Amino acid sequence: METLNMKFLPTVHSRKVLTTFIWLLILNLSLHQGNGLPYMTSDVQQVSGKSFDYIIVGGGTAGCPLAATLSEKFTVLLVERGGSPYGNPLVIEKKKYGFSLIQTDEFSSVAQSFISKDGVSNHRGRVLGGSSAINGGFYSRASEDFVKKAGWDEELVKEAYRWVESRVVFTPQLTPWQTVAKFGFLEAGIQPYNGFSLEHIEGTKVGGTVFDERGKRHTSADLLEAGNPKNIIVLLNTTVKNIIIDTNRKGNETRVRGIRFIKSDGSSSKIHDAYLNQPKNSSRWGDVILSAGALGSPQTLLLSGIGSHEHLKKFNISVNVGLEGVGDGMQDNPGIPVLADTMPAKRQPDAPSVVGITDDFRFIIQALVLPTSFNASITLIVAKIAIPASKGKLELNSTDPRQNPSVIFNYLADEKDLEECVKMVQLIERVAKSESVSLFMGIAPNNTKSMSSADQRRKLCKSSVRTYYHYHGGCRIGSVVDKDYRVYGVKGLRVIDGSTFEESPGTNPMATVMMLGRYQGIKMLQERKDDSQQHP
Ligand SMILES: Cc1cc2nc3c(=O)[nH]c(=O)nc-3n(C[C@H](O)[C@H](O)[C@H](O)COP(=O)(O)OP(=O)(O)OC[C@H]3O[C@@H](n4cnc5c(N)ncnc54)[C@H](O)[C@@H]3O)c2cc1C
Ligand SMILES: *[C@@H]1O[C@H](CO)[C@@H](O)[C@H](O)[C@H]1NC(C)=O
Ligand SMILES: *[C@@H]1O[C@H](CO)[C@@H](O)[C@H](O)[C@H]1NC(C)=O
Ligand SMILES: *[C@@H]1O[C@H](CO)[C@@H](O)[C@H](O)[C@H]1NC(C)=O
Ligand SMILES: *[C@@H]1O[C@H](CO)[C@@H](O)[C@H](O)[C@H]1NC(C)=O
Ligand SMILES: *[C@@H]1O[C@H](CO)[C@@H](O)[C@H](O)[C@H]1NC(C)=O
Ligand SMILES: *[C@@H]1O[C@H](CO)[C@@H](O)[C@H](O)[C@H]1NC(C)=O
Ligand SMILES: *[C@@H]1O[C@H](CO)[C@@H](O)[C@H](O)[C@H]1NC(C)=O
């Protein structure tokens, strides 16, 4: 499909129509080779009181591939607080990239904005597809080191990446600005040039994208088509309030029974329940799996009485499991943006498709055009510190699950991060001053402003640090979940999403979050299979 291109269409009118038709046919066949989307409803009554083998909270980047995979053998309820991405131009249209971030409201927009206690404004997805429906769509795998450190099965990881890639990942056509950025990175010494690659390799490369040749976005929701649609119900516009947990009479076993949920639009305060199936043999019970993202998953645990005694007491939430680590280790990679333009201009929004990976994988640099309003945009070069030292914390700010929790990332609080940032600013300056970028912007290369001292660069770091949107943590492995992503101290509960990461994988995390949903789904199917083979 990647090899087909509008350019190859002949110019003779009748042939053009015919070829276009055939081209669309091929595209349609290859895009809809799955089993079709599962049943979706926003009617809580249709699910209220029912039982399922697995319940997944959050139809986001990890939740959708996980649901598709588990549905191969089991019934799955997937609950998403937002609506459907299908037919929504803010999600689907590449030319509207970035507009969802400037069109937010409190309870219904596809992007929910939040401001961390650092004062940095940020966004999270609130739609089926999650943040993969509002993001830059840049797709790039994690390094082999990351996979080894995680202790994952390397072959299965590759298989899971390929499963994702065959469905929602495309080769980008470079826009003029992306081409300029590519040459700018190379001029700045980010070598070698690796061409198109999905691997995490040092140098300058073109990565994958979830935008297809027609400029349409494919979110993680499209991965649902790979499952058994008869086994999945997607409940939209529904916010999970908490998990139903009980402790047996002997008081030595705490187990999850189901979830409580409300309508997201606030039209009713009625609370509904859904349950896990409970076969006679309790070792055959499924799980509730939180895939609500780095903010949503720790928030849902806290609202369910899983967290530190002290914090839960402040909100009068009775403690089901005392687990200090919930909400700890929140991280957001510090990002420094530099305006490539001297004046705001109206350029088409442009998502990144080129990346520079440099200084022993410590810095990641990309270029993009983001709309700032409906008639203006900014052209940016942005870089992030790949492995910051500073960590923060997430806490509740309300017992309303529709409200954002409060989070602090402590950007650049650790002196090491500030030192890294100074080096990173020098890198961005080199790119901004490159002949490629200067010529494109119509600025004399020597006229681009440059900081003269480390002190000035430190000040710039502090004053202009922003999010690179790769925030993670809050339910980290070894602290909140074990190696199988099971929450400590309670049976039948897992967390599978970006909240489990100690560091953000690869250049950009989406590829690995999607892969993780598929990978853990397969692991869970295998566990059950081993189980039934041993005890038929
Ligand atoms: C603006 C932006 C740009 C980005 N650009 C890129 C990029 O180009 N490339 C890249 O690799 N990464 C990018 N990222 C990062 C990447 O998109 C995220 O790291 C990743 O999508 C997180 O996946 P997740 O599954 O952890 O969470 P999400 O995808 O956010 O999924 C969480 C889901 O849970 C739902 N939810 C939360 N709470 C509840 C509840 N109580 N009840 C029901 N549902 C709930 C949410 O609505 C959401 O759908 C970007 C992120 C943003 C925000
Ligand atoms: C679901 O919520 C979205 C966003 O608020 C809204 O646009 C949509 O109409 C809702 N769908 C239903 C069926 O209520
Ligand atoms: C709880 O206690 C009973 C007997 O007292 C025991 O059989 C069971 O294995 C215990 N369960 C757990 C999870 O420790
Ligand atoms: C339940 O299943 C487990 C593991 O599958 C097995 O060890 C156990 O014997 C089974 N118990 C009963 C009562 O069937
Ligand atoms: C918790 O309960 C106490 C006593 O009932 C009450 O005074 C306090 O306001 C409650 N706090 C919250 C956050 O609801
Ligand atoms: C964009 O439009 C708004 C009104 O919608 C106007 O106030 C603003 O000046 C315009 N900006 C530019 C750069 O044209
Ligand atoms: C917490 O909620 C209050 C209102 O309930 C709001 O004023 C405040 O800004 C919130 N704080 C954060 C950090 O979100
Ligand atoms: C920029 O400055 C360098 C030396 O400082 C000089 O060699 C070069 O010719 C200048 N380039 C332009 C375009 O003025």
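Counting starts at 1 for both ligands and their atoms, in listed order. Note that this is a predicted model, so its numbers are computed, not measured.
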- In terms of atom number and element, which parts of ligand 1 are under 4.0 angstrom from non-hydrogen atoms of His123? 53 (C)
- Query: Of the protein's non-hydrogen atoms, which lies at the shortest distance from atom 27 (O) of ligand 1, and what is that distance?
  - Reply: Gly293 CA, 3.4 Å
- List the closest protein heavy-atom neighbour of atom 43 (C) of ligand 1: residue, atom name, distance to the nearest 0.1 Å. Arg81 N, 3.4 Å
- Under 3.5 Å, N or O to N or O, is Ala294 touching ligand 1 that way? no
- Query: Less than 3.5 Å between some nitrogen or oxygen of Gly63 and one of ligand 1, yes or no?
  - Reply: no
- Task: Measure the distance from atom 18 (C) of ligand 1 to every protein heavy atom, then report the residue, atom name and distance (to 0.1 Å) of the closest one.
- Result: Ser131 CB, 4.2 Å
- Query: What atoms in ligand 1 come closer than 4.0 Å to a heavy atom of Gly130?
  - Reply: 29 (O), 48 (C), 49 (O)
- Message: Give me the nearest non-hydrogen protein atom to atom 41 (N) of ligand 1 as residue plus atom name, then the distance to 0.1 Å.
- Response: Val240 O, 3.1 Å
- Query: Has the side chain of Ser132 got a donor or acceptor atom that lies under 3.5 Å from a matching backbone atom of Thr61?
  - Reply: no
- Salt-bridge criterion met for Glu93 and Arg217 (N-O under 4.0 Å): no
- Item | Where Gly87 and Ile92 come nearest, the two heavy atoms and their spacing | N-CG1, 4.3 Å
- Item | Contacts of Asn231 that satisfy side chain to side chain donor-acceptor pair (under 3.5 Å) - sequence neighbours left out | none
- Message: Just to be sure I read this right, does ligand 1 sit under 4.0 Å from the backbone of Val513, its side chain, both, or neither, counting only heavy atoms?
- Response: side chain
- Note on the structure: Near Lys314 (heavy-atom distance under 4.0 Å), the atoms of ligand 5 are 13 (C)
- Message: Considering non-hydrogen atoms of the protein only, which is the closest contact for atom 31 (O) of ligand 1, and what is the distance?
- Response: Gly60 CA, 3.4 Å
- Task: Look at atom 32 (C) of ligand 1 and find which of Ala111, Ala292, Gly83 reaches it with the closest heavy atom.
- Result: Ala292
- Task: Identify the residue among Arg476, Lys393, Lys391 that makes a salt bridge (charged side-chain N to carboxylate O under 4.0 Å, His left out) with Asp328.
- Result: Lys393
- Show which atoms of ligand 1 fall inside a sub-4.0 Å distance from at least one heavy-atom site of Arg126. 47 (O)
- Query: Is the gap between the ring centers of His200 and Phe361 under 6.0 Å?
  - Reply: yes
- Can Tyr97 and Gln348 be counted as having a side-chain donor-acceptor contact under 3.5 angstrom? no
- Return yes or no for this condition: an N or O of Ile134 is under 3.5 Å from an N or O of ligand 1. no
- Query: Please state which protein non-hydrogen atom is closest to atom 10 (C) of ligand 1 and give its distance, to 0.1 Å?
  - Reply: Asn508 CB, 3.3 Å
- Item | Heavy-atom pair of closest approach, residues Pro65 and Arg518 | CB-N, 3.9 Å
- Query: Does ligand 1 have any atom sitting under 4.0 Å from a heavy atom of Thr512?
  - Reply: no
- Message: How long is the straight-line distance from CD1 of Ile259 back to CZ of Phe52, given to the nearest 0.5 Å?
- Response: 8.5 Å
- Under 4.0 Å from any heavy atom of Ala62, which atoms of ligand 1 are there? 25 (O)
- Query: Is the closest N or O pair between Glu80 and ligand 1 shorter than 3.5 Å?
  - Reply: yes
- Query: Is Leu128 touching ligand 1 with its side chain, its backbone, both, or neither, if touching means heavy atoms under 4.0 Å apart?
  - Reply: neither
- Message: Polar contacts were defined as any N/O atom of the residue lying under 3.5 Å from an N/O atom of the ligand; does this apply to Gly125 and ligand 1?
- Response: yes
- Query: Just heavy atoms, cut-off under 4.0 Å: does Pro401 contact ligand 1 by side chain, backbone, both, or neither?
  - Reply: neither
- Mark up the atoms of ligand 1 that fall under 4.0 Å of a heavy atom belonging to Gly498, in ascending order. 26 (O)
- Query: Leu516 pairs by side chain to side chain contact (heavy atoms under 4.5 Å, CB included) with which of Leu66, Ile496, Val157, Asp497?
  - Reply: Ile496
- Task: Quick one: closest heavy-atom pair of Met514 and Val164, and the distance?
- Result: SD-CG1, 3.6 Å
- Using heavy atoms and a threshold below 4.0 Å, how should the contact between Val79 and ligand 1 be classified: side chain, backbone, both, or neither? backbone
- Query: Is there a nitrogen or oxygen of Pro509 sitting under 3.5 Å from a nitrogen or oxygen of ligand 1?
  - Reply: yes
- Starting from atom 22 (C) of ligand 1, locate the nearest protein heavy atom and write down its residue, its atom name and how far away it is, to 0.1 Å. Thr61 OG1, 4.0 Å
- When rounded to the nearest 0.5 angstrom, what distance separates CG in Leu174 from OG in Ser353? 5.0 Å
- Message: Tell me the contacting part of Ser291 for ligand 1: side chain, backbone, both, or neither, using a 4.0 Å heavy-atom threshold, strictly below.
- Response: backbone
Give every pair formed by an N or O atom of ligand 2 and a protein N or O atom closer than 3.5 Å, one pair per line with both atom names and the distance to 0.1 Å, or write none.
unit_1: ligand 2; atom_1: 2 (O); unit_2: Asn237; atom_2: OD1; d: 2.9
unit_1: ligand 2; atom_1: 2 (O); unit_2: Asn237; atom_2: ND2; d: 2.5
unit_1: ligand 2; atom_1: 11 (N); unit_2: Asn237; atom_2: ND2; d: 2.8
unit_1: ligand 2; atom_1: 14 (O); unit_2: Asn237; atom_2: ND2; d: 3.2

- Show your reasoning for whether ring-ring contact (aromatic ring centres under 6.0 Å, His included) applies to His218 and Phe170. CA-CA 10 Å; His218 295 261; Phe170 302 83; 4.9 Å; yes
- Quick one: does Glu395's side chain have a donor or acceptor within less than 3.5 Å of a partner on Val407's backbone? no
- Query: What is the closest protein heavy atom to atom 15 (C) of ligand 1, and at what distance does it sit?
  - Reply: Tyr469 O, 3.3 Å
- Number the atoms of ligand 1 from 1 as they appear, then name those within less than 4.0 Å of a heavy atom of Met510, with their elements. 10 (C), 11 (O), 12 (N)
- Say whether Thr239 and Ser264, considering side chains only, have a donor N or O and an acceptor N or O under 3.5 Å apart. yes
- Message: Tell me whether Tyr471 has any N or O atom under 3.5 angstrom from an N or O of ligand 1.
- Response: no
- Does an N or O anywhere in Gly296 fall below 3.5 Å from an N or O of ligand 1? no
- Message: If you compare all heavy atoms of Val321 against all heavy atoms of Tyr488, which two are closest, and at what distance to 0.1 Å?
- Response: CG1-O, 3.7 Å
- Task: Consider every N or O of Asn135 and every N or O of ligand 1, then say whether any pair is closer than 3.5 Å.
- Result: yes
- Note on the structure: Thr239 heavy atoms within 4.0 Å reach ligand 1 at atoms 41 (N), 42 (N)
- Message: If you take the centroid of each ring, where Trp contributes its six-membered ring, are Phe114 and Tyr471 closer together than 6.0 Å?
- Response: yes
- Task: Locate the shortest heavy-atom distance separating Asn404 from Gln299; write the atom from each residue and the value.
- Result: C-NE2, 4.3 Å
- Leu301 side, atom CG; Ile243 side, atom CD1 - distance, nearest 0.5 Å: 5.5 Å
- Item | Ring centre gap for Phe374 and Phe99 strictly below 6.0 Å | yes
- Task: Please confirm whether Gly82 comes within less than 3.5 Å of ligand 1 when only nitrogen or oxygen atoms on both sides are compared.
- Result: no
- Query: Charged N to carboxylate O under 4.0 angstrom, Arg126 versus Glu80?
  - Reply: no
- Quick one: which ligand 1 atoms are inside 4.0 Å of a heavy atom on Thr238? 43 (C)
- Non-hydrogen atoms of Ile244 and Tyr275 that approach each other most closely: CD1-CE2, 3.9 Å
- Message: Ignoring hydrogens and geometry beyond distance, is a side-chain donor-acceptor pair present between Asp265 and Ser267 at under 3.5 Å?
- Response: yes
